[in-house]
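All values derive from a computational prediction rather than experimental measurement. Order of the sequence lines sets the chain letters (A, B, ...), proteins ahead of strands, with each chain counted from 1.
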Number of protein chains: 2
Amino acid sequence: MEQKKVDRTKSGSQKLGQLILLLGRLEKHPHTFGEAGPLTPSEIHTIDAIGMERGVLMSELANRLRVTKGAVTQIIVRLEDKNLVERTPNPTDSRSVIVSLTEKGKSAFRAHEEVHLHFYRELSSQLDEQEIEIFEKCIEKLCIHLQK
Amino acid sequence: MEQKKVDRTKSGSQKLGQLILLLGRLEKHPHTFGEAGPLTPSEIHTIDAIGMERGVLMSELANRLRVTKGAVTQIIVRLEDKNLVERTPNPTDSRSVIVSLTEKGKSAFRAHEEVHLHFYRELSSQLDEQEIEIFEKCIEKLCIHLQK
DNA sequence: CCTATTTAGTTTAGTTTATAAACAAAATCA
DNA sequence: TGATTTTGTTTATAAACTAAACTAAATAGG
């Protein structure tokens with residue numbers, strides 16, 4: 001009985017390990033989203049962090065992405081060159097810069113979102129109502145657990 | 001009813017998205033394992049891929065890690081400098097090289113495994129038997145789904 | 001009202017992790 | 001045997017970061 005429990009922990013942990021491995025690989029290579037050409041993982045990740053609503057300050061973006069301000073400057077320059085984001089001066093504080101998505105950037109955002117939705121739909125089509133509910137609950141606990 | 005289903009997909013997909021985000025962050029910074037000093041994600045990942053059993057050929061390692069042979073050469077040089085792996089000539093084919101963990105490397109492997117086990121134990125302590133079972137089943141389906 | 005400090009963002013130099021292409025040496029095929 | 005394939009290394013390059021030095025604007029306090 002005790003032995004069985006230990007084995008279960010080991011196999012469960014290995015499954016989770018494999019999941020982490022596969023998820024890491026997933027977001028590791030460039031991919032084309034919407035009207036935008038191929039985007040690297042960090043490019044689409046940045047577009048995702050900017051979001052569809054109003055613009056974001058560079059420093060806020062650095063917080064969201066958990067990188068330095070210098071890293072944000074670099075990637076935003078690249079995204080600006082590709083016409084995916086816009087930089088506008090902040091009218092209420094001329095030190096800061098507001099970053100927002102262009103139409104092309106928004107189309108990449110939506111295409112990326114759609115990929116996620118499609119993936120989730122495919123997955124949940126293989127589960128019943130109760131399984132989906134428990135799965136989501138577990139993901140949530142896992143997330144809370146990871147935030148420490 | 002239909003609306004409800006759409007919303008469920010969206011929120012579920014977002015939860016999964018957050019999980020991917022957090023897992024990506026988790027394995028992004030160096031960490032100390034066992035007797036080895038701080039190891040970068042790709043260093044511990046490589047140690048994990050070599051494993052505790054008999055040695056592995058460089059090319060097999062490249063396959064497991066899904067990187068080029070050149071990348072493997074580079075990381076193995078670094079791990080060798082840190083005395084975590086050993087290179088021995090293959091007696092049956094003198095083109096190839098067998099890579100295996102040193103005692104220090106094995107201690108890093110075990111410490112890393114222990115981190116995963118501990119994490120999984122913590123997580124599953126918050127779930128009941130039925131939830132764990134369904135969760136593992138879902139992870140498995142997710143993995144299968146990701147391998148395409 | 002200045003000066004001193006803080007805040008926002010940029011620039012630069014260097015690191016890590018990877019690729020791709022050219023290569024050398026050994027094994028295998030025909 | 002000679003041509004080809006396989007195994008691994010080397011080298012030059014790129015992406016994605018960090019850390020530190022910097023500029024310019026805002027703010028706090030004497």
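- Applying the 4.0 Å criterion to OP1 and OP2 of D/dC17, one finds that B/K28 has a side-chain N or O inside that range.
- Under the salt bridge (Lys or Arg N to Asp or Glu O under 4.0 Å) criterion, B/R87 pairs with B/E80, not counting sequence neighbours.
- For the pair B/H29 NE2 and D/dA16 P, the computed distance is 16 Å after rounding to whole Å.
- Contact check of residues 91-100 of chain B against DNA chain D (heavy atom, cut-off under 4.0 Å) returns B/R95, B/S96, B/V97.
- Taking the six-membered ring where the residue is Trp, B/F135 and A/F135 present tilted rings, their angle falling between 30° and 60°.
- The side chain of B/S59 sits closest to D/dT7 out of D/dT7, C/dG9, C/dT19.
- Rounded to whole angstrom, the span from the CZ atom of B/R66 across to the C1' atom of C/dA20 amounts to 19 Å.
- The side chain of B/T68 contributes an N or O atom lying less than 4.0 Å from OP1 or OP2 of C/dT19.
- Closest to the B/T73 side chain, of the nucleotides D/dA16, D/dT9, C/dA20, is D/dT9.
- In the hydrophobic clustering (ILVMFWY side chains linked at under 4.5 Å, chained through shared members), B/L21 stands by itself.
- Computed from coordinates, the B/M58 CE to C/dA25 P distance equals 18 Å when rounded to whole Å.
- The residue among B/V77 and A/T40 whose nearest nucleotide of DNA chain D is located toward the 5' end is B/V77.
- Whole-Å rounding puts the A/R87 CZ to C/dT10 C1' distance at 9 Å.
- Interface remark: the B/Q74 side chain does not form any donor-acceptor pair with the D/dT10 base, using a distance-only criterion of under 3.5 Å.
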Show, in sequence, the C-alpha distance, side-chain angles and deciding distance for B/H31 and B/F33, and conclude whether the ring pair (Phe, Tyr, Trp, His ring centres under 6.0 Å) test is met.
CA-CA 6 Å; B/H31 203 300; B/F33 297 101; 5.2 Å; yes
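- To the nearest 0.5 Å, the span separating CG on B/L23 from CG on A/L16 amounts to 7.0 Å.
- The CZ-C1' distance, from B/R78 to D/dT9, rounds to 16 Å in whole Å.
- Separation of atoms NZ (B/K137) and NZ (B/K141) is listed at 4.5 Å; rounding is to 0.5 Å.
- Spacing between atom CD1 of B/I47 and atom C1' of C/dT17 amounts to 16 Å, rounded to whole angstrom units.
- A straight line from CD1 of B/I76 to C1' of C/dT16 spans 16 Å, rounded to a whole angstrom.
- The NZ atom of A/K69 sits 10 Å away from the C1' atom of D/dC22 (whole-angstrom rounding).
- Considering only heavy atoms from C-beta on, B/V97 stays 4.5 Å or farther from B/P89 through its side chain.
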